[in-house]
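Beneath this line is the structure, given in structure tokens, with notes to follow.
Counting from 1, the numbers follow the sequence of the chain as shown. Counting starts at 1 for both ligands and their atoms, in listed order. Not measured: the values here are computed from a predicted model.
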Amino acid sequence: MTATTLIDRTPASTDSPPGESLIGLARPALAERLAELGVPERQHRMRVSQLWGWMYVRGAAGFETMTDVAKELRGRLAERFTLARPAIVSEQVSVDGTRKWLLRLDDGKEVETVYIPEEDRGTLCISSQVGCTLNCTFCHTGTQALVRNLTAGEIIGQIMLARDRIGDWPGASPDDPTGLPNSERKITNVVLMGMGEPLYNFDSLREACAVAADGDGLSISKRRITLSTSGIVPEIPRWGEEAGTMLAISLHAVHDELRDVLVPINKKWPIAELLEACRNYPGLSNAKRITFEYVMLKDVNDSIDDAKALVRLLAKIPAKINLIPFNPWPGAPYECSDWEQIEKFAEVVNRAGYASPVRSPRGRDIMAACGQLKSASHKQRASERLTAPA
Ligand code: SAH
Ligand code: SF4
């Protein structure tokens with residue numbers, strides 16, 4: 001079997017219909033749009049919940065299906081607004097079922113979204129920025145200069161589009177407005193592990209997470225949303241308080257000397273400060289652990305001494321450890337550790353009480369695995385780039 005490409009096209013600039021997409025707007029912003037159309041204030045609450053249900057429970061892609069909304073209002077909505085998702089440039093399906101979408105945003109920039117089906121769950125890996133300003137030396141995305149932050153609509157749009165493509169709109173019939181129970185959904189988990197450093201796009205992500213977690217809408221609980229950061233220390237407590245999702249830390253090294261090279265932001269916020277922020281993460285408990293990601297780089301960070309130091313370092317933090325085999329990309333300066341060495345390393349970690357820590361690479365054949373994402377937007381001229389706050 002080989003990987004298949006289901007869609008491969010360059011969308012014309014007319015792909016997204018004119019008008020602002022309502023996807024990703026929070027309830028108060030939706031009420032404002034209704035006010036613009038002249039809907040009286042006393043109806044806002046009711047109309048917003050109708051829209052909300054159609055958009056986020058049933059996945060409506062247009063206003064005409066919204067049968068409980070007056071026809072005349074549907075017409076006015078359609079004149080000014082859309083429910084457009086980002087345009088799909090290509091869709092690839094790996095032999096292991098992983099799907100990768102290359103998406104084109106309204107301004108032509110591109111990002112990637114990956115769906116990873118597993119026996120007991122389905123994880124959607126979404127992007128938070130076009131490219132990344134950080135330059136982790138083992139990461140493909142890091143070689144692409146940041147073009148810009150994604151909006152809340154573009155972040156939620158990735159979830160909507162994935163649900164469209166894999167047929168994951170349970171309860172889409174008007175007779176069943178409650179939708180299927182979560183156990184029957186395909187996308188059960190969302191990880192902010194695609195392109196970009198999520199904590200550099202704090203506000204839009206917080207907004208998007210609130211929309212995603214809304215129990216009357218997409219209903220993806222915050223316990224099932226994980227933000228992965230390279231370690232933007234000052235934002236970690238704030239994220240815990242204001243968004244409260246699960247947290248993953250891209251640790252990858254146990255000494256500052258090496259982490260300074262692999263994850264250069266470490267020079268600004270070294271390991272001790274990062275771990276202190278982790279210890280104080282709001283809501284941290286044995287039931288709500290922090291995941292520490294550790295990419296296995298041959299002869300760089302994969303010695304048994306490193307493994308021992310890793311478990312010592314995390315000893316007092318309720319933690320999970322994810323060992324990630326390095327996913328190669330063209331021109332990468334590292335190699336993946338030998339399988340034998342990964343097993344030895346994992347054994348030390350296992351003996352310290354961490355369960356099945358090796359994350360098997362998914363979608364490698366379509367370059368959808370961790371750190372392989374990179375869109376063509378790097379061709380952007382430097383003068384056109386925005387810089388994220390440091
Ligand atoms: N910027 C965020 C989230 C995106 S990267 C962060 O760095 O945490 C998601 C995960 O993939 C991170 O742990 C990252 O370090 C890891 N990763 C990056 N490149 C990789 C590669 N080539 N092989 C394996 N994992 C990689
Ligand atoms: Fe950016 Fe994360 Fe890649 Fe580092 S690992 S360059 S923070 S996307």
Side-chain angles (χ1 to χ4, degrees), residues 111-114 116 123-150 155 158 189-202 205 225-233 235-236 239 245-253 258-269 274 277-278 290-298 300-302 319-337 342 357-364 367-375 377-378 387-388 390:
V111 289
E112 289 173 322
T113 305
V114 179
I116 307 147
T123 304
L124 188 71
C125 176
I126 62 180
S127 293
S128 56
Q129 298 181 308
V130 178
C132 186
T133 42
L134 302 180
N135 301 305
C136 303
T137 43
F138 54 89
C139 175
H140 203 202
T141 308
T143 64
Q144 175 184 338
L146 171 75
V147 180
R148 68 169 171 86
N149 279 339
L150 299 192
I155 295 161
Q158 296 175 65
N189 295 62
V190 169
V191 294
L192 291 158
M193 294 187 186
M195 297 167 67
E197 168 46 58
L199 290 182
Y200 277 158
N201 190 10
F202 194 108
L205 270 180
I225 301 177
T226 303
L227 175 137
S228 172
T229 178
S230 57
I232 313 303
V233 169
E235 304 289 19
I236 291 175
W239 181 261
T245 68
M246 305 297 280
L247 184 67
I249 301 287
S250 294
L251 190 62
H252 308 315
L258 177 60
R259 196 164 189 271
D260 282 349
V261 176
L262 299 179
V263 187
I265 199 71
N266 191 68
K267 289 184 224 152
K268 193 154 187 179
W269 293 295
L274 177 58
C278 290
I290 293 177
T291 301
F292 288 88
E293 299 161 283
Y294 196 93
V295 63
M296 300 299 298
L297 304 172
K298 185 174 180 167
V300 174
N301 65 354
D302 64 350
K320 292 189 238 178
I321 298 177
N322 254 335
L323 301 181
I324 315 174
F326 170 65
N327 290 307
W329 37 273
Y334 301 104
E335 280 177 73
C336 182
S337 306
I342 296 181
V358 185
R359 185 155 90 193
S360 57
R362 299 289 303 263
R364 264 190 182 179
M367 289 287 282
C370 300
Q372 291 184 313
L373 305 184
K374 180 175 173 175
S375 67
S377 299
H378 66 288
T387 321

- Task: Test I232 against E197 for side-chain contact (heavy atoms from CB on, under 4.5 Å), laying out the working first.
- Result: CA-CA 9 Å; I232 313 303; E197 168 46 58; 3.6 Å; yes
- With heavy atoms of L134 as the reference, note each atom of ligand 2 found under 4.0 Å away. 6 (S), 7 (S)
- What part of F138, side chain from CB on, backbone N/CA/C/O, both or neither, has a heavy atom under 4.0 Å from ligand 1? both
- May I ask you to decide if L150's main-chain N or O and N201's side chain share a donor-acceptor pair within less than 3.5 Å? yes
- Minimum heavy-atom separation for C336 to K298, with atom names? O-CB, 3.6 Å
- Presence of N, O or S from H140 under 2.8 Å of atom 3 (Fe) of ligand 2: no
- Flag the pair T113 / L124 as yes when at least one side-chain heavy-atom distance between them is below 4.5 Å, and no otherwise. yes
- Query: Which of these, G196, S228, S230, has its nearest heavy atom closest to atom 1 (N) of ligand 1?
  - Reply: G196
- For W329, take its heavy atoms, then give the atoms of ligand 1 lying under 4.0 Å from any of them. 22 (N)
- Message: Show me which atoms of ligand 1 lie under 4.0 Å from any heavy atom of G194.
- Response: 4 (C)
- Item | Any side-chain donor near an acceptor of the partner, T229 and W239, under 3.5 Å | no
- Item | Stepwise side-chain contact (heavy atoms from CB on, under 4.5 Å) test for I249 and F292 | CA-CA 5 Å; I249 301 287; F292 288 88; 3.8 Å; yes
- Looking only at protein heavy atoms, what sits closest to atom 2 (Fe) of ligand 2 is G196 O, 4.5 Å
- By number and element, which atoms of ligand 1 are closer than 4.0 Å to a non-hydrogen atom of H252? 13 (O), 14 (C), 15 (O)
- ligand 1 versus M195: contacting region, heavy-atom distance under 4.0 Å: neither
- Query: Counting heavy atoms only, which of C136, G231, P264 is nearest atom 4 (Fe) of ligand 2?
  - Reply: C136
- With a 3.5 Å cut-off and no angle check, do the side chains of S128 and Y200 form a donor-acceptor pair? no
- Item | Flag: protein heavy atom within less than 4.0 Å of atom 6 (S) of ligand 2 | yes
- Task: Check each atom of ligand 1 against the heavy atoms of I324 and keep those under 4.0 Å away; list them by number with element.
- Result: 24 (C), 25 (N)
- Check whether the side chains of S127 and E112 place a donor and an acceptor atom closer than 3.5 Å, and report yes or no. no
- Ranked by distance from atom 3 (Fe) of ligand 2, the top protein heavy atom is C139 SG, 2.4 Å
- May I ask you to identify, for T229, whether its side chain, its backbone, both or neither come under 4.0 Å of ligand 1 on a heavy-atom basis? backbone
- Message: Determine whether a donor-acceptor pair (N or O, by modelled atom type, separation under 3.5 Å) exists between the side chain of R259 and the backbone of L251.
- Response: yes
- Item | Where ligand 1 meets C139 - atom numbers and elements under 4.0 angstrom, heavy-atom basis | 18 (C), 19 (N)
- State whether the shortest distance between N or O atoms of P325 and N or O atoms of ligand 1 falls below 3.5 angstrom. no
- Query: Any chance the side chains of N149 and Q129 put a donor and an acceptor closer than 3.5 Å?
  - Reply: yes
- Message: Within the 4.0 Å heavy-atom shell around S230, which atoms of ligand 2 are there?
- Response: 7 (S)
- Message: Students often mix this up, so state it plainly: with edges at 30° and 60°, are the rings of H140 and W329 parallel, tilted or perpendicular?
- Response: parallel
- Within-cut-off N or O pair, H140 and ligand 1, under 3.5 Å: no
- Task: Measure N327 to ligand 1 on non-hydrogen atoms and call it side chain, backbone, both or neither using the 4.0 Å cut-off.
- Result: both
- side-chain contact (heavy atoms from CB on, under 4.5 Å) evaluation trace for I116 with V114: CA-CA 7 Å; I116 307 147; V114 179; 3.9 Å; yes
- Message: So if I count the atoms of ligand 2 from 1 in the order they appear, which ones are less than 4.0 Å from some heavy atom of C132?
- Response: 1 (Fe), 6 (S), 7 (S), 8 (S)
- Task: Test side-chain contact (heavy atoms from CB on, under 4.5 Å) on V300 and T137 and set out the steps.
- Result: CA-CA 12 Å; V300 174; T137 43; over 6 Å; no
- Message: Would L192 count as a polar contact of ligand 1, with the cut-off being nitrogen or oxygen pairs under 3.5 Å?
- Response: no
